[in-house]
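Take a look at the structure set out below.
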Amino acid sequence: MSTIRQAAVEMLKDVLENKNFFSEVKTKQSQISSQDSAFANMLILTTFRHLVFIKKVLKKFVKKKLPATAVSGQYALFLGTAEILYLNTPDYAVINSYVEITKHLADKYVAGFVNAVLRNICKQKEELKKEETNEFFPPEFFHILNQDYGKKTIQKIQSAAMLEPKLDITVKSDAAHWAEVLGGKLLPSDTIRLENNGKITELSGYADGAWWVQDFAAALAVKALPDIKNKNVLDMCAAPGGKTAQLINKGAKVTALDISAPRLQKLQENLQRLHFEADVVCADALEYIKTYKGTPYDAVLLDAPCSATGTIRRHPELVHIKRLKDVEKQAELQKEILHETPKILKTGGTLIYCTCSISKLEGEKQIAAFLEANPDFKIVPITSEELCGDNYLAEIITEQGFIRTLPQHLADFGGTDSFFVARLKKEA
Ligand SMILES: C[S@@+](CC[C@H](N)C(=O)[O-])C[C@H]1O[C@@H](n2cnc3c(N)ncnc32)[C@H](O)[C@@H]1O
């Protein structure tokens, strides 16, 4: 157990100091067996979900600023406090493990300090649990949201985003049948929602390629692209291919482009499992557009690289590592790609622009600037009816006809990621 916890200390440090996604950091950790992986996930994700309160607790017990050499001790304290307050690990196990780890990663002096702090937290844990503030967002993340949302909305986002998400899948066909086979709930737009436990690869239909993992909100972008059977569609930032699969499933002839070779490798594996085919191109979207000599596409899907701040339910570390300047940087890149896209889209063609960002800089505001610069493009409003045959999804459609999901939407089913989709038409 203490090997996993030591790996957890190292991973936490890597995420927070190098601003890496936890999922990326985890793939580098060879010490963790697949059996231990579930515990490591739970420990680290719980720590990120409660880190704001954990830091407040530690402030009570750590009065001096720790020297740089004691930094491993600080990460051990984050994880140890999470175990005491949220995972109900026996006190002696928490104290012994993190003291040993700190001896190994720092020195005896820091280990003694970790020992003293964890002992004090154990003594007061019942009172501390009552003081829990359920705050998820540190001030820097609040600052990102504050650009676009009022305090009440941010409060709702925070409460909903802190909850552990379920597992959503998209099926090729016969969603009601698969919902029954897998024991899942059928969401209004035919996504199936499963309890997030067990191995995905062992579920019925996975090996045969009957479905793929895709959040409810992420699946909406392609649903807003009607009548693409036999049409040429460019999926401009395609990997790992969730939306590519949807496009092919709708009968389109798809060119799947992405700048990242390893991510395209993943896309190829996914398409192979699903028995789907696409033209796969590894290129920078900007270069591709500049040198493109073929027939303009009937439709372009731009699922632009973004801050991923809409996925904080699944990636709670993002609230601790993303800053407004990261959002602004991504918005610049999106703008560059988006503003070149008209060159490869035919007149009368449809452009779907989407991001998994909660920031309007990467969504609504990005589209407003694009429309100003490209008056030949018009918004084609998306409706709840076309997404689900009724008005069940009215709460996620904005006045302008964009999709804007927030974590508190779809509350009856357990919430959703935040996502933005705009549908535009290039007119003559
Ligand atoms: C949001 S992800 C795409 C997710 C994908 N559409 C799906 O549904 O599975 C954004 C993708 O943009 C790619 N990307 C980033 N910069 C790019 C560029 N300049 N040209 C092409 N692709 C780029 C990234 O490698 C990443 O795979």
Side-chain angles (χ1 to χ4, degrees), residues 20-21 23-24 27 168-170 189 191 200 211-225 228 233-250 252 254-274 276 278-292 297 299-312 314-315 318 322 326-327 329-341 343-344 351-359 362-363 366 403 405 416-422:
N20 287 321
F21 272 69
S23 52
E24 285 166 12
T27 54
D168 290 353
I169 63 169
T170 298
S189 58
T191 282
I200 292 167
W211 52 263
W212 57 98
V213 173
Q214 188 174 41
D215 183 77
F216 155 82
L220 296 173
V222 175
K223 289 184 201 282
L225 200 48
I228 49 170
V233 180
L234 174 62
D235 186 356
M236 196 131 69
C237 295
K243 296 178 193 68
T244 314
Q246 282 180 290
L247 293 169
I248 300 170
N249 202 36
K250 281 186 139 188
V254 182
T255 302
L257 178 141
D258 202 282
I259 200 169
S260 159
R263 285 175 68 87
L264 277 178
Q265 173 67 30
K266 193 87 207 129
L267 174 141
Q268 301 265 33
E269 287 163 18
N270 287 335
L271 293 189
Q272 206 171 11
R273 179 178 63 81
L274 297 167
F276 279 157
D279 279 339
V280 177
V281 180
C282 186
D284 177 341
L286 289 169
E287 281 303 310
Y288 181 80
I289 296 170
K290 217 186 276 173
T291 54
Y292 186 71
Y297 287 94
V300 174
L301 170 67
L302 174 52
D303 185 13
C306 73
S307 64
T309 45
T311 65
I312 50 178
R314 280 164 224 291
H315 304 291
L318 296 183
K322 291 289 176 186
D326 301 313
V327 171
K329 195 171 155 205
Q330 289 299 319
E332 272 308 307
L333 172 61
Q334 290 149 15
K335 184 177 170 194
E336 265 188 83
I337 302 177
L338 177 62
H339 287 242
E340 288 299 307
T341 303
K343 293 180 182 158
I344 45 165
L351 166 62
I352 298 278
Y353 171 85
C354 57
T355 58
C356 58
S357 167
I358 199 164
S359 166
E362 300 179 83
Q366 186 71 269
I403 294 174
T405 60
T416 180
D417 283 354
S418 181
F419 210 83
F420 173 80
V421 185

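Every value quoted in this text rests on a predicted model; they were computed, and no experiment measured them. Both counts, for ligands and for their atoms, begin at 1 and track the order of listing.
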Next on the checklist: Checking side-chain polar atoms at under 3.5 Å, does Gln272 have a donor or acceptor matched by the opposite partner on Gln268?
Outcome noted: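 The answer is no; no qualifying pair exists.
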Checklist entry - Would Ala221 count as a contact of ligand 1 if the rule is a heavy atom under 4.0 Å away? => result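 Distance cut 4.0 Å: Ala221 fails for ligand 1.
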Next on the checklist: Yes or no: does Asp284 have any heavy atom under 4.0 Å from an atom of ligand 1?
Outcome noted: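 Contact check Asp284 vs ligand 1: positive.
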Checklist entry - What pair of heavy atoms forms the shortest contact from Phe419 to Lys243, and how long is it? => result CZ-CE, 3.9 Å
Do any N or O atoms from the side chain of [X] and from the backbone of [Y] form a donor-acceptor pair under 3.5 angstrom?
{"X": "Thr405", "Y": "Asp417", "answer": "yes"}
{"X": "Asp258", "Y": "Ala239", "answer": "yes"}
{"X": "Thr355", "Y": "Phe420", "answer": "no"}

Does an N or O from [X], backbone or side chain, lie closer than 3.5 Å to an N or O of ligand 1?
{"X": "Gln214", "answer": "no"}
{"X": "Leu333", "answer": "no"}
{"X": "Leu257", "answer": "no"}
{"X": "Gly241", "answer": "yes"}
{"X": "Cys237", "answer": "yes"}

Tell me which part of [X] gets within contact of ligand 1: side chain, backbone, both or neither, using heavy atoms under 4.0 Å.
{"X": "Ala238", "result": "backbone"}
{"X": "Lys243", "result": "both"}
{"X": "Ala283", "result": "backbone"}

Item to check | Distance (rounded to the nearest 0.5 Å) between Tyr297 OH and Leu234 CG | outcome: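 The OH atom of Tyr297 sits 5.0 Å away from the CG atom of Leu234.
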Next on the checklist: If I take atom CG from residue Asp215 and atom OG1 from residue Thr170, how far apart are they, to the nearest 0.5 angstrom?
Outcome noted: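 Asp215 CG to Thr170 OG1: 9.0 Å, rounded to 0.5 Å.
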